[in-house]
Protein chains: 4
Amino acid sequence: MNDQGCGSSAKRRARRKQARPQELVSAAVDLFVARGYSATRLEDVASAAGVSKGTVYLYFASKEELFKAVVQQSLLPALAEGEAFIDAFEGTTEALLRQILMRWWELVGDSPSSGLIKLLIAESGNFPDLARYYNVEVIERCDRLIARILARGVAQGEFREADVDLTTLALTAPMLFQMMWKHSFGPCANKVLEPKAFLTHVVALLLHGLLRNPATGTVLPVLPPFTAQRWETVTVFGDGQKVVEGMDKVTA
Amino acid sequence: MNDQGCGSSAKRRARRKQARPQELVSAAVDLFVARGYSATRLEDVASAAGVSKGTVYLYFASKEELFKAVVQQSLLPALAEGEAFIDAFEGTTEALLRQILMRWWELVGDSPSSGLIKLLIAESGNFPDLARYYNVEVIERCDRLIARILARGVAQGEFREADVDLTTLALTAPMLFQMMWKHSFGPCANKVLEPKAFLTHVVALLLHGLLRNPATGTVLPVLPPFTAQRWETVTVFGDGQKVVEGMDKVTA
Amino acid sequence: MNDQGCGSSAKRRARRKQARPQELVSAAVDLFVARGYSATRLEDVASAAGVSKGTVYLYFASKEELFKAVVQQSLLPALAEGEAFIDAFEGTTEALLRQILMRWWELVGDSPSSGLIKLLIAESGNFPDLARYYNVEVIERCDRLIARILARGVAQGEFREADVDLTTLALTAPMLFQMMWKHSFGPCANKVLEPKAFLTHVVALLLHGLLRNPATGTVLPVLPPFTAQRWETVTVFGDGQKVVEGMDKVTA
Amino acid sequence: MNDQGCGSSAKRRARRKQARPQELVSAAVDLFVARGYSATRLEDVASAAGVSKGTVYLYFASKEELFKAVVQQSLLPALAEGEAFIDAFEGTTEALLRQILMRWWELVGDSPSSGLIKLLIAESGNFPDLARYYNVEVIERCDRLIARILARGVAQGEFREADVDLTTLALTAPMLFQMMWKHSFGPCANKVLEPKAFLTHVVALLLHGLLRNPATGTVLPVLPPFTAQRWETVTVFGDGQKVVEGMDKVTA
DNA sequence: CATGAATGAGACTTCATTCAT
DNA sequence: TATGAATGAAGTCTCATTCAT
């Protein structure tokens, strides 16, 4: 009993040391997002993480390095999952798109680290290498993710062909907008913006301009008629509320 | 005798004095946009405007006041023009929408002051009253502008009815995206984004989801306000195929 | 009377601004010498110069730059004078040597800035470029000065020939020693070292080993016999004390 | 049972413990000499000695104490040897002097710890008690060593009498110079200074000004303690030529 | 009106020192 | 004994702001 003190406590401390960078990054995310890079004092980060000023420098060489770590740490989880999600998905591409946006919002958009994009946009001019890194590792990869979905829709005959890059951006824009809004004007706006409702609406708007029109083969205009088959969607919410969607009808 | 030794003509100085605030604001816009609020030194603003450091304080009580002046000065011109533009326009609403977006990009998006929105988003947390002001004076007014266009489309029988707020935002998002992009990742991205091509594409995508299709009468679903936490959607196709979507499951 | 305020005060301030670097360097010399580079706080330099912390940075980009300025400013005056002194001197080389060492001590050794050599020796490892600069601009030039004197002595038949570099250093060493001593152990030693007495003694010791011995032409050994002519020196001090020196006698 | 789990044999550890201070001091000497007191981080000393930061404090109460230990440990060996060397020596005093300087350079000057004198001179102002200690224990003792040699030379009829303190310093100065040079400008100088050649040269120069010349009986002037401020020297040569020297004038 | 020298609060960063393990 | 994570005082440097001229 008095024997074990020799090793276990060292372990606990080691575990602490291993956890520290993560704790500091977590604390830093919130402050960086809330106040911006310059206005965030390292001392505040430290005390938010429950340590003293000097401790930050045991794990990060400088404020800039901490910032980079914050950015690079908030990338990969959601992307990797998203890519796997696409490959495994078996429903319609419309459903896939809707699912993936919802999921993305839950994982990224609604997470505290979503404000990072705001931060990075604001500071991209002051951290060009970081911006370049983020652009390659996140943005372009994210674009490719979306592009794959669009390609899937075209391959399955659901979507008509359209400029991939532009259409991808048309989907990226509302997501970005959402995050920006959440971390800027949202909190002080009169109307509240319900994220998932907005994303659903956007998808609906976009898709009905994207769905292939087999009859005319037109590239741009005329609404996709959906004559190939009839469909009807019933959405049931947790509180029992039902929404029925389908050709020609919308019933709440 | 005690008058002439020290200065020049009072008139020239008066004219100068009147122009000064404008010159300072102009210089400040560029620097604030390029570097952010904190990283912009007042001395740089002064020398960019061709005056000395102390002179800034003759016209603005503090850095914060200068920043507010910068923001408030870069708002109104385009909005007023936009409102007049709508009233005078006589073509289809689709054409109106496309034209107004193009014009907006020329006037605002492509102007050096477009970066202000980026700045404001970044600093909204540190300047809550400024954010509130901007939200009311610019954002909501801009939203109303878009909403008027949508209403015009509906009134003229071109557009079907849809949630006004959400649809407005769906139009606002790409414009915002464009500005963000231009002042952040754009300069370091591999692909160049052609602004007007993008806006055209977005309008095309959105409009053809908005235009009433006389043949089928299909109507986009208007989802209820998204307050419920759990939800589940079952889509039944004409051939009996079912797709169930929900917060945590996807079943084909 | 109320008229002159327009220009003269500006001049006074300008004169102040011009004088500041010099004032700061002066204050810095004393502190650097007394405490060393690291132990000298810039704030102390500032208050010693009667200004505030920030003012130092109006004139020197960093502590290191201030240090370099201090070093580079305490070089040239004495050297230039020394070189002119040699050319103009018309007495014996022995007298020249004695004079120049005395003068050097008055100008450099005894000045507050003499401690700089101590400082530079201590910090040469941390400021290699500064050491190189000082070595070329001061030390080598100083060596050349001494070498010229030795050459003069040889040319005039007073000194025998000897290795120039080594002999030069043999003269440099006591001067250096003196400065080191003054700024290190001197203040806490039991015996006081009278600088001029020491230098006089050293010159006497060295010269009588340097004077050419016409009779033997020996390069190294045997004392110069001074048989060519008899001589006698009477030194009268300010307090009336007399010392008579000459061949065979020493009388106080 | 509760004894064995944590550590190794007590003997080995004890031996280790005994060696530790020495190892730390050795590591510290090099770093202190190379970087100076302030610029040497205790952590670097620790890792140079192969231990962790905290271990230093098991043997030395503070950085200052470590420094003192470093200084006090690098003194005595050579001095004791030197004293024994004198007593046992049987040749001429000139030979003794030359040999002892050579030996001293081998033992002290050329050892890594020779840089300590540089260090101490630099830091004497910050460590007055250390300087006093060093002055008494090393410098004065060293001076006495030299003085004994001079006395030996006089007693054996080799040297004429001269001011002991000043002559001692005249021998100390080149040794000190050598050490300073080695640890400061030497590494960045263009000419290399061959230590032993220099010492040999210095001894030759000095001795031949010290050796009694039986033929002429010339005696070097022994100046009185240099307390008077003003002085004037008139040298009259056998041929009637006069040279007047003084504090501010040189007249031939 | 305009200047720009001066200020000093405040941020980043270092490192001697402590102490739980 | 030994470790090394943690601390926090202290120093360098920046820059918004003031004010004498």
Side-chain angles (χ1 to χ4, degrees), chain A residues 5-14 16-17 20 38-44 46 50-64, chain B residues 6-8 10 12-14 16-17 20 38-47 51-59 61-64 66, chain C residues 4-14 16-17 20 38-44 46 50-64, chain D residues 6-8 10 12-14 16-17 20 38-46 51-59 61-64 66:
Chain A
C6 231
S8 74
S9 51
K11 268 182 215 159
R12 203 177 334 144
R13 166 150 342 171
R16 196 74 193 277
K17 169 161 172 64
R20 272 284 139 74
S38 291
T40 298
R41 297 183 304 138
L42 275 197
E43 188 159 15
D44 290 343
V51 298
S52 77
K53 218 177 353 172
T55 303
V56 179
Y57 288 88
L58 294 178
Y59 303 97
F60 303 96
S62 66
K63 188 182 186 181
E64 191 168 334
Chain B
C6 288
S8 54
R12 201 179 341 142
R13 190 183 290 176
R16 198 69 192 278
K17 172 170 168 56
R20 274 285 145 75
S38 290
T40 297
R41 298 184 303 140
L42 230 39
E43 185 162 16
D44 290 344
V45 173
S47 58
V51 298
S52 77
K53 214 176 354 175
T55 303
V56 179
Y57 285 86
L58 295 176
Y59 301 98
S62 66
K63 188 183 185 182
E64 194 168 331
L66 173 61
Chain C
Q4 68 194 144
C6 231
S8 74
S9 51
K11 268 183 216 159
R12 204 177 333 145
R13 172 161 324 182
R16 197 73 192 280
K17 170 162 172 62
R20 272 285 138 74
S38 291
T40 298
R41 299 183 304 138
L42 275 196
E43 190 160 13
D44 289 344
V51 299
S52 76
K53 214 176 3 171
T55 302
V56 179
Y57 289 88
L58 295 177
Y59 302 97
F60 302 96
S62 65
K63 189 183 186 181
E64 190 167 334
Chain D
C6 286
S8 52
R12 204 182 334 147
R13 190 183 289 174
R16 198 71 192 278
K17 172 170 167 55
R20 274 286 145 75
S38 290
T40 298
R41 298 183 303 140
L42 231 38
E43 186 162 15
D44 290 344
V45 173
V51 299
S52 76
K53 215 176 355 175
T55 303
V56 179
Y57 285 86
L58 294 176
Y59 301 99
S62 67
K63 188 183 185 182
E64 194 168 330
L66 173 62

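Within every chain, numbering begins at 1; the chains are lettered A, B, ... in the order of the sequence lines, protein sequences first and strands thereafter. All of these numbers come straight from a predicted model, not from anything done at the bench.
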For this session: Taking only the side-chain nitrogens and oxygens of B:S52, find out if one of them lies under 4.0 Å from OP1 or OP2 of E:dT3.
Result: yes

For this session: Identify which nucleotide among F:dT1, F:dA16, E:dC15 has an atom closest to any side-chain atom of B:R41, counting heavy atoms from C-beta outward.
Result: F:dA16

Exercise. Reckon B:S47 touches a base, only the sugar-phosphate, or nothing at all at heavy-atom distances under 4.0 Å?
Worked result: nothing

Seminar exercise, completed: When rounded to whole Å, the CG to C1' distance for the pair D:D44 and E:dT14 reads 12 Å

Seminar exercise, completed: The answer to which of C:S38 and C:T55 contacts DNA chain F further toward the 5' end, by nearest nucleotide, is C:S38

Exercise. Which residue lies toward the 5' end of DNA chain F, A:V56 or C:Y57, if each is placed at its nearest nucleotide?
Worked result: A:V56

For this session: Output the single nucleotide from F:dA5, E:dT14, F:dA16 whose closest atom is nearest the side chain of D:K53.
Result: F:dA5

For this session: Find the distance D:L66:CG to E:dC15:P and express it as a whole number of Å.
Result: 16 Å

Problem set entry | Residues D:L42, D:Y57; criterion side chain to side chain contact (heavy atoms under 4.5 Å, CB included); working and verdict | CA-CA 10 Å; D:L42 231 38; D:Y57 285 86; 3.3 Å; yes

For this session: Check whether any side-chain heavy atom of B:R41 lies under 4.5 Å from a side-chain heavy atom of B:D44, and answer yes or no.
Result: yes

Problem set entry | Residue B:L42, side-chain atoms from C-beta onward, closest of E:dT13, E:dA16, F:dA16 | F:dA16

Problem set entry | 5'-most by nearest nucleotide on DNA chain E - C:L58 or D:T40 | C:L58

Problem set entry | Of the listed nucleotides F:dA16, F:dT12, F:dA2, the one nearest the side chain of C:K63 | F:dT12

Seminar exercise, completed: Here the pair of heavy atoms bringing B:S38 nearest to A:A39 is OG-N, 4.3 Å

For this session: Would you write the dot-bracket representation of DNA chain E, where each base gets (, ), [, ], | or . depending on whether it forms a Watson-Crick or G-U pair under 3.5 Å and with which partner?
Result: .||||||||||||||||||||

Exercise. Quick one: B:E43 CD to F:dT18 C1', roughly how many Å, whole number?
Worked result: 14 Å

Exercise. Hey, does the side chain of D:R20 come within less than 4.0 Å of F:dA2's phosphate (OP1/OP2), counting only N and O?
Worked result: yes

Exercise. Residues two or more places apart in sequence or in another chain: which of them pass side-chain contact (heavy atoms from CB on, under 4.5 Å) with C:K53?
Worked result: C:E43

Problem set entry | Results of side-chain contact (heavy atoms from CB on, under 4.5 Å) for C:T40 - residues two or more places apart only | C:L31, C:F32, C:R35, C:V45

Problem set entry | Residues that B:T55 engages under side-chain hydrogen bond (donor to acceptor under 3.5 Å, both in side chains), provided they are two or more places apart | B:S52

For this session: Sequence neighbours left out, what passes side-chain contact (heavy atoms from CB on, under 4.5 Å) with B:S62? Give chain and number order.
Result: B:E64, B:E65

